[in-house]
Amino acid sequence: MDLLEYQAKELFQQVGIPILPSQTIQNTTALKRLQIPYPMVLKSQVRAGGRGKAGGVRFVENTIDAIAAASAIFHLPIADEYPEVILAEARYDAQSELFLAIVLDYQRQCPVLMGSSEGGIDVDSLLEQMQSVSLRTNFSPYLARRLAVKMGLTGPLVTTVSAIIEKMYELFVTYDLDVIEINPLGISADGEVMALDGKITVNDTAINRHPDLLNWGSEQWTGHSWLPGDLAQGQIGLICNSEGLALSTWDLLQSLGITGAYLLDESRSGMALGKQLELAFDHLSQAPNLKGIFVNLATREAATPALAEDLRAFLPLPPNPSSEDRSLRGTGPSLPQRQRAPQRQTYTGEVLPVVIRFSQGDLGHLQQMYDNSLVYWHNDLETAIAKMLSLIPQEMELVQG
């Protein structure tokens with residue numbers, strides 16, 4: 001199980017590895033309640049590497065800059081993962097940066113201490129300077145100092161960095177880790193060190209021995225999670241596959257009122273996406289004022305056809321349905337009901353407009369198939385949002401007329 005940066009830093013703090021003042025935020029409005037002074041850095045909390053180069057790390061000078069940067073980060077997928085939270089952290093003036101790690105090497109069948117005098121995002125320089133010490137015997141402070149010396153450190157830094165390595169090893173053993181990494185370990189002009197980023201991977205076979213880490217895992221949204229909105233008053237139901245994606249979409253559609261967001265996640269829930277969709281549509285059917293459904297999914301291109309087929313089971317038939325179309329599952333009277341073609345372009349309480357956005361995949365054939373229906377397929381998020389915004393006022397005016 002890979003921990004997010006803010007979770008890794010909570011463990012760092014437990015053993016005395018220095019970290020900066022920080023807070024997590026789940027939406028842009030939380031920025032107004034930050035206790036960290038500007039300037040600060042906002043970091044996307046995803047498990048993929050390369051966040052800085054991808055635009056997931058932003059330095060901000062004031063609240064206005066922070067709101068704009070946070071909104072951009074929430075909308076930015078990195079390796080197809082949207083952040084559910086952002087870490088807001090104080091800035092640090094590092095004069096130099098190191099890389100430190102302890103990795104369980106399955107080939108050598110022992111942990112390995114690793115360190116480089118060049119930390120940060122320049123991977124080539126980092127690897128060129130990489131040094132290692134294999135723990136073929138029990139760990140001792142001597143081995144930590146040996147790595148520090150091999151890295152080219154001198155003077156008080158040898159003692160300081162060795163102490164950090166000892167604390168990393170304490171976490172490595174305590175939590176049955178496969179990997180613990182600090183990159184970079186910043187060093188200030190006066191020799192102070194600070195863990196500016198962290199990565200921790202817990203051995204999957206050992207997770208059950210650590211209930212505190214299991215609680216972190218249970219906080220992640222699974223296939224039957226509901227991000228509550230105003231079920232009685234909201235007009236739009238959301239179906240997304242991460243909380244970060246749902247929150248950012250929520251912000252963009254907030255003028256219409258949101259009933260809530262149903263969050264799909266096949267990988268962690270162990271539930272097939274078709275079943276998750278059935279639960280999502282069933283839950284949305286409880287909203288008495290529902291007037292449209294917005295499906296926004298971060299997808300891989302290869303997975304798009306199967307997911308689109310699962311979704312089609314809950315949509316009105318296209319105007320000229322093929323013989324392969326499957327029957328709809330019952331989802332309640334407020335949801336799209338299967339029919340040969342929409343008889344009227346109005347909201348009747350039986351046929352709802354559905355806007356579907358997949359981040360990747362060819363949707364051209366689906367757009368053609370559902371032409372002249374109340375189902376709209378898009379890859380571009382802004383286009384999909386604009387379509388949803390245009391549909392709901394139009395539907396309401398027609399009903400009132």
Side-chain angles (χ1 to χ4, degrees), residues 2-20 22 41 43 47 49-52 57 87 89 92-106 108 110-203:
D2 292 329
L3 301 187
L4 296 168
E5 176 191 356
Y6 80 91
Q7 295 167 335
K9 286 183 173 177
E10 286 187 26
L11 295 185
F12 290 171
Q13 191 172 36
Q14 288 182 17
V15 295
I17 296 174
I19 60 172
L20 292 167
S22 63
V41 59
K43 300 181 180 181
R47 291 162 180 80
R51 293 177 301 165
V57 178
L87 182 66
E89 190 172 70
Y92 186 76
D93 186 14
Q95 299 298 306
S96 60
E97 296 178 338
L98 307 178
F99 169 91
L100 295 175
I102 304 176
V103 178
L104 184 59
D105 190 317
Y106 285 94
R108 301 185 197 182
C110 67
V112 178
L113 308 181
M114 303 180 69
S116 173
S117 59
E118 297 288 337
I121 63 175
D122 189 343
V123 177
D124 291 336
S125 296
L126 188 156
L127 292 176
E128 286 177 5
Q129 304 298 324
M130 187 67 72
Q131 303 293 328
S132 65
V133 173
S134 298
L135 300 182
R136 298 190 181 277
T137 59
N138 292 333
F139 177 85
S140 73
Y142 162 75
L143 296 174
R145 290 195 297 273
R146 181 182 174 189
L147 177 64
V149 171
K150 289 182 71 173
M151 291 168 59
L153 304 181
T154 59
L157 265 183
V158 173
T159 302
T160 302
V161 172
S162 297
I164 297 293
I165 296 171
E166 290 182 51
K167 293 170 181 176
M168 292 172 66
Y169 186 76
E170 180 182 344
L171 287 176
F172 187 83
V173 173
T174 301
Y175 288 100
D176 297 297
L177 305 183
D178 279 348
V179 176
I180 179 170
E181 175 185 303
I182 298 177
N183 182 34
L185 179 72
I187 304 174
S188 68
D190 60 3
E192 178 191 47
V193 296
M194 192 69 63
L196 301 182
D197 198 355
K199 175 183 178 181
I200 284 180
T201 300
V202 185
N203 189 289

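Starting from 1, each residue takes its place in the sequence as its number.
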Checklist entry - So do the side chains of Thr174 and Val15 get within less than 4.5 Å of each other, counting heavy atoms only? => result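 No. Closest side-chain heavy atoms not under 4.5 Å.
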Checklist entry - Would a 4.5 Å heavy-atom cut-off, applied to side chains only, mark Leu196 and Leu20 as touching? => result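 Yes. Closest side-chain heavy atoms under 4.5 Å.
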Item to check | Cationic N near anionic O, under 4.0 Å, Asp197 to Lys43 | outcome: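 A salt bridge is absent here (no side-chain N lies under 4.0 Å from a carboxylate O).
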Item to check | Stepwise side chain to side chain contact (heavy atoms under 4.5 Å, CB included) check, Leu4 with Arg47 | outcome: CA-CA 6 Å; Leu4 296 168; Arg47 291 162 180 80; 3.6 Å; yes
Checklist entry - Does atom CG of Asn138 have more than 12 heavy-atom neighbours from other groups under 6.0 Å away? => result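 No, CG of Asn138 has 12 or fewer neighbouring heavy atoms, counting only those of other groups under 6.0 Å.
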Checklist entry - Considering residues, nucleotides and ligands other than Glu192, do more than 12 of their heavy atoms fall under 6.0 Å from its CD? => result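 Enclosed.
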Which atom names give the shortest non-hydrogen contact between [X] and [Y], and what distance separates them?
X: Ala195; Y: Lys9; answer: O-CE, 3.7 Å
X: Leu113; Y: Leu147; answer: CB-CD2, 3.8 Å
X: Asn183; Y: Leu98; answer: OD1-O, 4.1 Å
X: Val112; Y: Ser134; answer: CG2-OG, 4.1 Å
X: Ser116; Y: Leu126; answer: OG-O, 2.9 Å
X: Val133; Y: Leu143; answer: CG1-CD2, 4.1 Å

Starting at [atom1] of [X], measure out to [atom2] of [Y] and round the result to the nearest 0.5 Å.
X: Ile17; Y: Ile182; atom1: CD1; atom2: CD1; value: 4.5 Å
X: Gln14; Y: Lys167; atom1: CD; atom2: NZ; value: 13.5 Å
X: Asp105; Y: Cys110; atom1: CG; atom2: SG; value: 6.0 Å
X: Ile180; Y: Ile165; atom1: CD1; atom2: CD1; value: 11.0 Å
X: Met194; Y: Ile164; atom1: CE; atom2: CD1; value: 9.5 Å
X: Met114; Y: Gln131; atom1: CE; atom2: CD; value: 10.0 Å

Next on the checklist: Please enumerate all residues that pass side chain to side chain contact (heavy atoms under 4.5 Å, CB included) together with Ser125, with sequence neighbours excluded.
Outcome noted: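 Once residues adjacent in sequence are excluded, the partners of Ser125 under the side chain to side chain contact (heavy atoms under 4.5 Å, CB included) criterion are Glu118, Asp122.
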Next on the checklist: Show, in sequence, the C-alpha distance, side-chain angles and deciding distance for Phe99 and Met130, and conclude whether the side chain to side chain contact (heavy atoms under 4.5 Å, CB included) test is met.
Outcome noted: CA-CA 8 Å; Phe99 169 91; Met130 187 67 72; 3.5 Å; yes
Checklist entry - Taking it one step at a time, do Tyr6 and Ile19 satisfy side chain to side chain contact (heavy atoms under 4.5 Å, CB included)? => result CA-CA 10 Å; Tyr6 80 91; Ile19 60 172; over 6 Å; no
Checklist entry - For Ile200 and Gln7, what are the C-alpha separation, side-chain angles and deciding distance, and is it a side chain to side chain contact (heavy atoms under 4.5 Å, CB included)? => result CA-CA 9 Å; Ile200 284 180; Gln7 295 167 335; over 6 Å; no
For residues 150-161, tabulate all N or O donor-acceptor pairs below 3.5 Å that involve a side-chain atom, not counting sequence neighbours.
residue: Lys150; atom: NZ; partner: Ser132; partner atom: O; Å: 2.9
residue: Thr160; atom: OG1; partner: Pro156; partner atom: O; Å: 3.1

Item to check | ring-ring contact (aromatic ring centres under 6.0 Å, His included) involving Phe139 - partner list, sequence neighbours excluded | outcome: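 Testing Phe139 for ring-ring contact (aromatic ring centres under 6.0 Å, His included), a comparison that skips the adjacent residues, returns Tyr169.
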